[in-house]
Asks: 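Okay, handing you the structure first.
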Protein chains: 2
Amino acid sequence: MSAPEQVKPAPADAPGGESDARNRRAELVRVSARLFRERGFDGTTIRDIADAVGMRSGSPFYHFKSKQDILAAVMEEGLNASLVATEAIVAGALAPREKFRALLRAQLETVLGEGHDFIPVLLYDWRALGPALQERIIALKDRYDQIWQQTITELRDAGMLRTDSKVARLLIMGAVNYTVQWYKPGGGVTLDELADEALAMFLHGSA
Amino acid sequence: MSAPEQVKPAPADAPGGESDARNRRAELVRVSARLFRERGFDGTTIRDIADAVGMRSGSPFYHFKSKQDILAAVMEEGLNASLVATEAIVAGALAPREKFRALLRAQLETVLGEGHDFIPVLLYDWRALGPALQERIIALKDRYDQIWQQTITELRDAGMLRTDSKVARLLIMGAVNYTVQWYKPGGGVTLDELADEALAMFLHGSA
DNA sequence: CCTACCGATCGGTAGG
DNA sequence: CCTACCGATCGGTAGG
């Protein structure tokens with residue numbers, strides 16, 4: 001009667017019953033990312049999500065207060081992971097050209113890699129997110145864009161790019177992000193080859 | 001009793017009552033394009049469309065057998081218009097660089113220009129179209145892609161592009177099409193400037 | 001093209 | 001997290 005917590009099989013990783021709930025929440029986000037990517041936000045129902053994690057249709061709302069909140073969580077997790085990856089790249093002591101190649105390659109992985117569903121959801125269904133929820137995501141996106149912008153400035157200073165304008169960055173990132181619309185894994189082009197071709201296309205004096 | 005057609009105000013442009021229906025159909029497509037662009041396909045209801053043209057909610061189905069058919073009509077009309085524009089460009093006697101610039105500029109107009117809602121709908125909601133309806137559109141899209149591919153080959157032959165690979169084309173078209181996600185009219189960048197910046201970014205030996 | 005309507009689906013909730 | 005459910009919406013149709 002004293003402690004209703006900590007029944008059922010205890011999780012191995014952390015003490016306290018709340019880690020169960022945290023695991024379930026994380027599972028919901030992961031599964032939702034996959035479904036949203038495959039069918040789109042509007043094409044995925046709460047029932048689809050609940051089925052995929054073995055819940056009843058009302059239960060996701062124990063973890064999230066709305067379907068939109070799941071979408072926001074998917075996008076936020078995707079951006080957080082991407083931020084970690086890109087910040088690790090620019091923290092290294094790479095020359096501008098190699099830094100840029102690493103960014104391109106990382107972004108291609110994020111957008112096209114096996115099991116990477118989070119950022120494609122952001123690219124496909126950004127509009128489906130309400131303005132209030134968009135704001136939180138935009139703050140993360142701004143940090144992300146800044147990393148690219150700085151690298152682009154370094155490339156310009158090194159004479160490998162004509163300009164470091166915002167438009168130049170948007171054209172480059174657009175070309176990369178748009179691959180989500182046409183790239184098919186196993187279609188004869190690897191992500192490494194894609195990165196090289198993009199590098200050669202954007203940069204002066206590249207092989 | 002003999003002829004139930006040709007009542008109501010007769011249209012000025014063409015004889016025969018069926019041109020009324022054709023006009024209404026065209027109006028439905030045009031209005032749907034605008035709404036689909038603004039709110040997305042799933043975010044637009046048949047009732048929204050009917051309201052916008054002054055019909056009752058069941059009446060659009062007199063002109064189209066399903067909501068998806070309206071979407072297909074929007075995309076098809078957009079591609080047909082784009083095909084006319086691009087075919088006119090490549091039919092002219094322009095040098096490769098000027099031909100490419102004209103294609104870029106035309107595509108930017110198609111994607112970002114005032115009142116150009118058709119192709120953005122295709123870019124945003126391609127996935128919403130069922131496979132059967134996609135097929136008809138793909139045939140048009142193939143002709144479109146071919147024009148770009150040929151121009152890219154000419155640029156490569158003129159030494160202004162490293163490669164005329166399909167990936168090169170997709171990266172270029174991706175950069176241009178992705179502008180639909182970020183470009184804001186009146187934001188200080190004109191479409192002409194955008195075309196110039198894209199040209200300089202992709203081509204060797206450009207100003 | 002309107003009237004009148006249906007069947008299904010869907011996000012979300014109360015109460016435990 | 002389940003049970004049981006609701007209110008609203010939505011694409012689509014019959015019949016004129």
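Proteins get letters first, then strands, A, B, ... in listed order; numbering begins at 1 in each. None of these values were measured; they are calculated from a predicted model.
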Asks: Given side-chain contact (heavy atoms from CB on, under 4.5 Å), test A:Asp164 with A:Leu155 step by step and report yes or no.
Replies: CA-CA 8 Å; A:Asp164 70 337; A:Leu155 289 168; over 6 Å; no
Asks: Please report the distance, rounded to the nearest Å, between NZ in A:Lys65 and P in C:dT13.
Replies: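 My rounded result for the distance is 10 Å.
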Asks: For B:Met55 and for B:Gly58, locate the closest nucleotide of DNA chain C by heavy-atom distance; then report the residue assigned to the nucleotide nearer the 5' terminus.
Replies: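 Final value for this comparison: B:Met55.
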Asks: Where the side chain of B:Arg24 is defined as all heavy atoms beyond and including C-beta, which of C:dG11, C:dC1, C:dC2 is the nearest nucleotide?
Replies: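 From the listed options, C:dC1 comes nearest.
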Asks: Would you mind telling me which of C:dG12, C:dC10, D:dG12 lies closest to the side-chain atoms of B:Ser66?
Replies: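 Looking only at side-chain atoms, B:Ser66 lies closest to D:dG12.
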Asks: Should the pair B:Phe202 and A:Phe202 be assigned to parallel (<30°), tilted (30 to 60°) or perpendicular (>60°) ring geometry?
Replies: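 If you compare the ring of B:Phe202 with that of A:Phe202, the planes turn out tilted.
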Asks: In dot-bracket form, 5' to 3', how is DNA chain C paired? Count Watson-Crick and G-U wobble pairs only if both distances fall under 3.5 Å, and write | where the partner sits on another strand.
Replies: ||||||||||||||||
Asks: State whether the number of non-hydrogen atoms from other residues, nucleotides or ligands found under 6.0 Å of B:Arg127 atom CZ is greater than 12.
Replies: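 Atom CZ in B:Arg127 is crowded, with more than 12 foreign heavy atoms closer than 6.0 Å.
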Asks: Once you round it to whole Å, what is the distance between P of C:dC2 and CG of B:Asp51?
Replies: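 Computing the B:Asp51:CG to C:dC2:P distance gives 11 Å.
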Asks: Starting from P on D:dG12, measure out to NZ on B:Lys67 and report it in whole angstrom.
Replies: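 Interatomic distance, NZ of B:Lys67 to P of D:dG12: 8 Å.
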Asks: Please compare A:His63 and A:Ser57 by the position of their nearest nucleotide in DNA chain D and report the one closer to 5'.
Replies: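 Mapping each residue to its closest nucleotide by heavy atoms, the 5'-most match is A:His63.
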Asks: At under 4.0 Å between heavy atoms, what does A:Ser59 touch on the DNA or RNA strands: base, sugar-phosphate, or nothing?
Replies: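 Counting heavy atoms under 4.0 Å across all strands, the contact made by A:Ser59 includes a base.
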Asks: Return the value, rounded to whole Å, for the distance between atom CG of B:Asp20 and atom C1' of C:dC1.
Replies: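 It is 12 Å, rounded to the nearest whole Å.
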Asks: Expressed in angstrom and rounded to an integer, what is the separation of A:Ile46 atom CD1 from D:dC5 atom C1'?
Replies: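 After rounding, the reported distance stands at 17 Å.
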Asks: When you measure from the side-chain N and O atoms of A:Arg47 to the phosphate of C:dC10, is any distance below 4.0 Å, counting only OP1 and OP2?
Replies: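 No, outside the criterion.
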Asks: For B:Ile70 and D:dG11, what is the distance between atoms CD1 and P respectively, to the nearest whole Å?
Replies: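 Checked: the CD1 to P distance equals 9 Å.
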Asks: Would you confirm whether B:Gln181, through its side chain, and B:Tyr178, through its main-chain N or O, come within 3.5 Å as a donor-acceptor pair?
Replies: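 Side chain of B:Gln181 to backbone of B:Tyr178: no pair is present.
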Asks: Heavy atoms from C-beta onward define the side chain here; which of C:dC1, D:dG11, C:dG11 lies closest to that of B:Tyr62?
Replies: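 That would be C:dC1.
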Asks: Specify the separation, in whole Å, of atom CZ of A:Phe61 and atom P of C:dT13.
Replies: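 Rounded to whole Å, this separation is 7 Å.
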Asks: Taking all atoms of both residues into account, what is the closest heavy-atom pair of A:Lys67 and A:Phe61, and its distance?
Replies: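 It is N-CE2, 4.1 Å.
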Asks: Looking at A:Trp126, is A:Lys141 sitting on its ring face, NZ or CZ under 6.0 Å from the six-membered ring centre and within 45 degrees of the normal?
Replies: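 That pair qualifies as a cation-pi contact.
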Asks: Hey, does the side chain of A:Asp48 reach the backbone of A:Thr45 with a donor-acceptor pair shorter than 3.5 angstrom?
Replies: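 Yes, A:Asp48 side chain to A:Thr45 backbone: donor-acceptor pair under 3.5 Å.
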Asks: To the nearest Å, how far apart are B:Leu71 CG and D:dG11 P?
Replies: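 Value for this atom pair: 12 Å.
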